[in-house]
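In what follows, every heavy atom counts, from backbone to side chain, and hydrogens, waters and symmetry copies are set aside.
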Amino acid sequence: MNSETISNLGPLIIPVLGLCIPIVAIVMGVLSRMRRAELMHETVRQLVAQGREIPPQLLDGSLLADRPAGGNSGWQNKSVQLIFGATNAAAGLGLMVMFYAMRPDEWLWAIGCIPLFVGIALLVVWKMESKPAPR
């Protein structure tokens, strides 16, 4: 490869590597959850083999560090919805401004609409759930 070919690959390599980062993070998260589930199942097998009682907290997942008691996914906490909604909306606006500043005559700014509208949806859900129930 000559230096001209390498310099032409630079603009292509940066976005590809940038897209690989979230993919690797997602894969690592899934592998971590799978390993945790394997360990939990192995613990249940050992308890059954010994004839001991299985704690209910072990089965509903509340002993796991990243889950609240009761097996909820974490979206039950209203402040989490507010934080994620505001973060997504701000990230969407930031992307829109950045892409518009880079190329004002092109459509790239519209990419920011995706996280913006996800954030707005989360904020709407947060607002609807934070209202007291009618009597």
Assess the residue pair Val124 and Met128 against the criterion (side chain to side chain contact (heavy atoms under 4.5 Å, CB included)); give the C-alpha distance rounded to whole Å, side-chain angles, the decisive distance to 0.1 Å, and a yes or no.
CA-CA 6 Å; Val124 167; Met128 289 171 51; 3.7 Å; yes
Result block: side-chain N/O donor-acceptor pairs under 3.5 angstrom for residues 87-115, not counting sequence neighbours:
{"from": "Thr87", "atom 1": "OG1", "to": "Ile83", "atom 2": "O", "distance (Å)": "2.7"}
{"from": "Asn88", "atom 1": "ND2", "to": "Phe84", "atom 2": "O", "distance (Å)": "3.4"}
{"from": "Arg103", "atom 1": "NH1", "to": "Glu106", "atom 2": "OE2", "distance (Å)": "3.4"}

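- Atom CD of Gln50 sits in a crowded spot, with more than 12 heavy atoms from other residues, nucleotides or ligands closer than 6.0 Å.
- One finds the CD atom of Gln46 at 11.5 Å from the CD1 atom of Ile54 (value rounded to the nearest 0.5 Å).
- In terms of the side-chain contact (heavy atoms from CB on, under 4.5 Å) criterion, residue partners of Ser32 (sequence neighbours excluded) are, by chain and number, Arg36.
- To the nearest 0.5 Å, atoms OG (Ser130) and CG (Leu123) are separated by 10.5 Å.
- Contacts of Glu42 classified as salt bridge (Lys or Arg N to Asp or Glu O under 4.0 Å), with partners at least two apart in sequence or in another chain: Arg45.
- Residues meeting the salt bridge (Lys or Arg N to Asp or Glu O under 4.0 Å) test with Arg35, sequence neighbours left out: Glu38.
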